[in-house]
Amino acid sequence: MSEIVTLEGNLTAAQAKYAIIAARFNGFIVNSLVSGALDVLKRSGVAESDVTLVHVPGAYEMPLVAQKLAASGRFDGIIALGAVIRGATPHFDFVAGECSKGLAQVSLDSGIPVGNGVLTTESIEQAIERAGTKAGNKGGEAAQTVIEMIDLLRKL
């Protein structure tokens, strides 16, 4: 029996261009996510000149901007960062669902990794925990995922 071929991505960020989409809504949380993503990219050897930061009003607007960025041909990976915090109305469900679905569709349609670092939490406290305190920094995790996926896709 022949050997099984195993492929997996590494955290190798060489020769790649990244776009970060950051929502202004809940900006005090999103700024921490952006810092986490930039820290991971920097520690992985990405030059600042290889990163473009795009601000959007909120999470709902992210898929359209991600689609435009992917179609530009200028980026190898996109990192989407935002925070949708549940309120008293069903608005949370619509925004979070459409954002997530739209980002996934952009990735599938374009073949470019889109890291979903959009927090969907029940409270501000949960969002703060996921933006750099107890639960780590989900912005950094989204950046790691995109780095790994770029490397994996190049091997396929």
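Position 1 is the first residue of the sequence, and the numbers go up from there.
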Could you pull out every donor-acceptor pair under 3.5 Å between side chains of residues 45-61 and any protein atom, sequence neighbours left out?
| from | atom 1 | to | atom 2 | distance (Å) |
| --- | --- | --- | --- | --- |
| Asp50 | OD1 | Lys17 | NZ | 2.7 |
| Glu61 | OE1 | Gly58 | N | 2.9 |

Listing, residues 31-38 side-chain donor-acceptor contacts under 3.5 Å, not counting sequence neighbours, or none:
| from | atom 1 | to | atom 2 | distance (Å) |
| --- | --- | --- | --- | --- |
| Asn31 | ND2 | Gly27 | O | 3.2 |
| Ser35 | OG | Asn31 | O | 3.1 |

Show me the side-chain donor-acceptor pairs of residues 107-119 shorter than 3.5 Å, one per line, residues at least two apart or across chains.
| from | atom 1 | to | atom 2 | distance (Å) |
| --- | --- | --- | --- | --- |
| Ser107 | OG | Ile112 | O | 2.9 |
| Asp109 | OD1 | Gln105 | NE2 | 2.8 |
| Asp109 | OD2 | Gln105 | NE2 | 3.4 |
| Ser110 | OG | Val106 | O | 2.7 |
| Ser110 | OG | Ile112 | N | 3.1 |
| Asn116 | OD1 | Val118 | N | 3.0 |

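Of all heavy-atom pairs spanning Pro63 and Cys99, the tightest one is CG-O, 3.7 Å. Across all non-hydrogen atoms, the minimal contact from Asp93 to Arg86 is OD1-NH1, 3.4 Å. Ile78 and Ala70 make their closest contact through CD1-N, 3.8 Å (heavy atoms, listed as atom of the first residue, atom of the second, distance). The two residues Gly9 and Lys155 come nearest to each other via the heavy atoms CA-NZ, 4.4 Å. Heavy atoms only, all atoms of each residue included: Ala96 and Thr120 are closest at CB-CG2, 3.6 Å.
When the side chains of ILVMFWY residues are joined at heavy-atom separations under 4.5 Å, either directly or via intervening members, Leu69 and Leu103 end up in a single hydrophobic cluster. Neither Leu81 nor Phe75 shares a network with the other; the hydrophobic side chains, linked directly or stepwise wherever heavy atoms of I, L, V, M, F, W or Y lie under 4.5 Å apart, form separate groups for each. Cluster annotation: Val84 and Ile20 are assigned to distinct hydrophobic clusters (Ile/Leu/Val/Met/Phe/Trp/Tyr, side-chain heavy-atom contacts under 4.5 Å, transitive). Cluster membership check: Ile150 shares its hydrophobic cluster with Leu11, using side-chain heavy-atom separations under 4.5 Å among Ile, Leu, Val, Met, Phe, Trp and Tyr. Note on Phe28: it clusters hydrophobically with Val30, by side-chain heavy-atom contacts below 4.5 Å among ILVMFWY residues.
The closest donor-acceptor contact from the side chain of Ser44 to the backbone of Val40 lies under 3.5 Å. At least one donor-acceptor pair closer than 3.5 Å links the side chain of Asn137 to the backbone N or O of Gly140.
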Q.
If you apply the rule side chain to side chain contact (heavy atoms under 4.5 Å, CB included), what do you find for Leu41 with Ile79, and how did you get there?
A. CA-CA 11 Å; Leu41 292 172; Ile79 303 160; 4.1 Å; yes
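Annotation for Phe92: atom CZ counts as buried by contact number, over 12 foreign heavy atoms lying within 6.0 Å. Counting non-hydrogen atoms of other residues, nucleotides and ligands closer than 6.0 Å to CD of Glu8 gives a total of 12 or fewer.
Of the inter-residue distances, the one linking Asp151 atom CG with Leu7 atom CG reads 10.0 Å to the nearest 0.5 angstrom. Between the NZ atom in Lys138 and the CD atom in Glu141 there is a gap of 3.5 Å [rounded to 0.5 Å]. Here the straight-line distance linking atom CD1 of Ile85 with atom CD1 of Ile124 works out to 5.0 Å at 0.5 Å rounding.
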